[in-house]
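Structure first, then comments.
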Protein chains: 2
Amino acid sequence: MTDGVTIGRAAAFAGVTVKTVRHYHKHGLIDEPRRDGSGYRRYGSADLLRLVRIRTLAAAGVPLAEIGPILDADPDRFAAALVDVGRRLDDRIDDLIARRDMLQRLAGGDRALLPDRVLAKLDRVAAEFGFTPDDVTMAREGLVLIRALVPEGFDDYISRVERGLDDPRYASLIRRMWRAAEWEPDDPRIGELATALADHCLAHPELLPVPAGLRARTDAAIRYSLLSQHGQEQKPAWTRLAALFEASMRAAGNDILAGRPVS
Amino acid sequence: MTDGVTIGRAAAFAGVTVKTVRHYHKHGLIDEPRRDGSGYRRYGSADLLRLVRIRTLAAAGVPLAEIGPILDADPDRFAAALVDVGRRLDDRIDDLIARRDMLQRLAGGDRALLPDRVLAKLDRVAAEFGFTPDDVTMAREGLVLIRALVPEGFDDYISRVERGLDDPRYASLIRRMWRAAEWEPDDPRIGELATALADHCLAHPELLPVPAGLRARTDAAIRYSLLSQHGQEQKPAWTRLAALFEASMRAAGNDILAGRPVS
DNA sequence: GTGCACCCTGACCTAAGGTCAAGGTCAACC
DNA sequence: GGTTGACCTTGACCTTAGGTCAGGGTGCAC
């Protein structure tokens, strides 16, 4: 007569909501069960079993559209599908664990945005050059931008700069460039520094943050390396330094700065 | 002039799609950046930093609507929010691990639907009574249905049945009931068995799968315990057994079967 | 006989994007 | 200097797995 449980009990048993069960009906995952005299759905044990299987697969992340075929497959295919679902679930778990690690790095500042090797080098240089924490932040953000700009050439560029800093003359120029951040924009020393930097870069073109083999749009990249370090408006001296540097480069060897191939 | 990276590079840097970045704009998570001469968006380092922070939080499962406030909060609140997000992420990881275990149980059959204690008992009884694998399946599905029907009283009911089976007379009746599954529906022994079962149940009402304190709708519950075991249509003898059992109960003590309180 | 919990259908809403269309731009190669 | 292919623009609609609301019918306990 009135055997079978109502949709509410079936849903509670499977740990889903009533709406979810009706949703499964709409998608053909469970056949509509018999109705009682008042039109209520009445679920039997087979329905409940199927409902729990559906819920288990759905909770494991299987899209509803795939669940029907999996449950209707023969035992061998069913077992194989379960193995596959388990693998995908493991992947998702590993993924979430990796994201938790990433979150921890985010809590520690923007260090998450650069490779560990680069961060270590930056720390060493900062200690050597006497950077303030703000300087370190600015340099880090500049590196982030360069990496966004030329992702393919970034690792290579870092290596070249590391080798470049082994040259005490370049190290000294960079040290001076950072001090220039605090100069007045019309400080006469800016001109000298720009020329010296340009001379050095002309002699060592590998120090420009331009991926080898790509010579166009070079000036934009250089702008970034020199001053688009997130604080450029606050350091007017650097804006002028960049202008003079570019002028020197253009005068001496515009094949690099002109924005077209060297040919 | 043309400094800043395009949306494609920004997206690639942060590990999201172009569409996702525009989605974040629409939701106010990142301000629309400056446009260049052709109307292209140009992103600076601050935008990139923010984009990666957003992506990290979103990947950790934080709803987009919550990310803006988190990022705009002061450092203390930001740190607190990160701790909270990390906790929620841990919960999700634990949840997925639990679901993977559940999946493994699903692979092992429907055993996932019943508590381990009940499964162990069922296995013991099956061995004792000489159940075929099909019998075990049928019994298991019957238990699943009872659990769906009266979830609150299920554990208690199992305990009562366990104690009931210590009585050799009841054990013998149940053994006979399972043999009756193979009888013809008009077998005269069914009447005797029904009467004997009813007598025993009248003497031991705790064996009925009815939660203590709830006396109404009892007959539906009894139907379940006796025959709605997923194979009821295939076992016509049980249908008749149930009818005769109910008649005996009604004749002898309809206060239990009548579907209304004993008062 | 009244209240409350439960059931019915159907229409619309949600998050976090994906897809498609129709067109404008940029750098490279011949 | 013309074409090719990759990249950019907006806007409209689609997707998954349900949730919410409206408007109404049932079942049962006091």
Side-chain angles (χ1 to χ4, degrees), chain A residues 1-2 4-12 14-30 32-43 51 54-55 57-68 149 211 213-218 220-221 258-263, chain B residues 2 4-30 32-43 54-55 57-68 149 213-220 258-263:
Chain A
M1 276 289 160
T2 66
V5 302
T6 66
I7 195 169
R9 288 216 174 257
V16 299
T17 68
V18 167
K19 187 66 218 266
T20 299
V21 176
R22 289 203 271 248
H23 191 65
Y24 293 164
H25 284 312
K26 198 145 51 184
H27 286 254
L29 278 171
I30 328 170
E32 284 278 357
R34 204 170 23 77
R35 305 288 183 121
D36 68 11
S38 0
Y40 288 13
R41 292 175 181 83
R42 288 295 176 160
Y43 296 85
L51 184 54
I54 292 168
R55 194 207 83 106
L57 289 173
V62 182
L64 295 193
E66 291 175 26
I67 291 179
L149 193 72
L214 196 156
R215 294 296 172 91
R217 278 201 319 185
T218 299
R260 30 182 175 72
V262 270
S263 91
Chain B
T2 66
V5 303
T6 65
I7 195 169
R9 286 210 175 263
F13 175 72
V16 299
T17 69
V18 168
K19 186 67 217 269
T20 299
V21 177
R22 289 204 270 249
H23 192 64
Y24 292 165
H25 283 313
K26 198 146 49 184
H27 286 255
L29 277 172
I30 328 169
E32 284 278 357
R34 202 170 23 76
R35 305 287 183 121
D36 68 11
S38 356
Y40 288 14
R41 292 175 181 84
R42 288 294 176 160
Y43 296 84
I54 292 168
R55 194 207 82 106
L57 288 173
V62 182
L64 295 194
E66 292 175 25
I67 292 180
L149 193 72
L214 197 157
R215 293 296 171 90
R217 278 198 319 185
T218 298
D219 56 347
R260 30 181 175 74
V262 269
S263 88

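What you see is a predicted model, and the numbers here were worked out from it, not measured in a lab. Lettering follows sequence order; numbering is per chain, from 1.
Candidate nucleotides D:dG25, C:dT25, D:dG18 were compared by shortest atom distance to the side chain of A:L64, and D:dG18 ranks first. Among the nucleotides D:dT10, D:dC8, C:dA16, the one closest to the side chain of B:R35 is D:dT10. Residue A:Y40 places its side chain closer to D:dG25 than to any other of C:dG17, D:dG25, C:dC8. For B:R41, taking side-chain heavy atoms from C-beta onward, the closest of the listed nucleotides D:dT9, C:dC26, D:dT26 is D:dT9. Taking only side-chain atoms of A:P63, from C-beta outward, the nucleotide of D:dC8, D:dA17, C:dA16 with the closest atom is D:dA17. For A:V18, whose side chain is taken as the heavy atoms from C-beta onward, the closest listed nucleotide among C:dT19, C:dC7, D:dT20 is C:dC7.
Heavy atoms of B:R22 sit under 4.0 angstrom from at least one base atom.
Contact check, A:T6 against C:dC6: no side-chain N or O comes under 4.0 Å of OP1 or OP2. Here B:T20 reaches the OP1 or OP2 of C:dG18: one of its side-chain N or O atoms lies under 4.0 Å away. Distances shorter than 4.0 Å separate some side-chain N or O of A:Y24 from OP1 or OP2 on D:dG18. In terms of phosphate contacts, B:T17 brings no side-chain nitrogen or oxygen within less than 4.0 Å of OP1 or OP2 of C:dG17.
Between the side chain of B:K19 and the base of C:dG18 there is at least one donor-acceptor pair of N/O atoms closer than 3.5 Å.
Atom CD1 of A:I30 is separated from atom CZ of A:R41 by 9.5 Å, given to the nearest 0.5 angstrom. Expressed to the nearest 0.5 Å, how far CZ of A:R22 lies from OG1 of A:T17 amounts to 9.0 Å.
Comparing A:A65 and B:E32 against DNA chain D, the residue whose closest nucleotide sits nearer the 5' end is B:E32. Each of B:S38 and B:V62 was matched to the nucleotide of DNA chain C holding its nearest heavy atom; the match closer to the 5' end belongs to B:V62.
Taking all atoms of both residues into account, the shortest heavy-atom contact from B:L64 to B:A58 is CD2-CB, 4.1 Å. Counting all heavy atoms, side chain and backbone alike, A:I67 lies closest to A:I54 at CD1-O, 3.8 Å.
Distance A:Y43 OH to C:dC6 P: 16 Å, rounded to the nearest Å. Rounded to whole Å, atom C1' of C:dA16 lies 14 Å from atom CD of B:E66. When rounded to the nearest whole Å, the span between CZ of B:R42 and P of D:dC7 equals 14 Å. Going from atom NE2 of A:H23 over to atom C1' of C:dT9 covers 16 Å, rounded to whole Å. Whole-Å rounding puts the B:D36 CG to C:dA27 C1' distance at 14 Å. Protein atom NZ of B:K26 is 14 Å distant from nucleotide atom P of C:dT14, rounded to whole Å. If you measure from atom CZ of B:R9 to atom C1' of C:dA27, you get 12 Å, rounded to the nearest angstrom. Rounding to whole angstrom units, CD1 of residue A:I7 and P of D:dG18 are separated by 14 Å.
For the pair A:R42/A:V5, no side-chain contact is recorded, criterion being any heavy-atom separation below 4.5 Å from C-beta on. Side-chain contact between A:Y43 and A:L51: absent, with no pair of heavy atoms (C-beta onward) separated by less than 4.5 Å.
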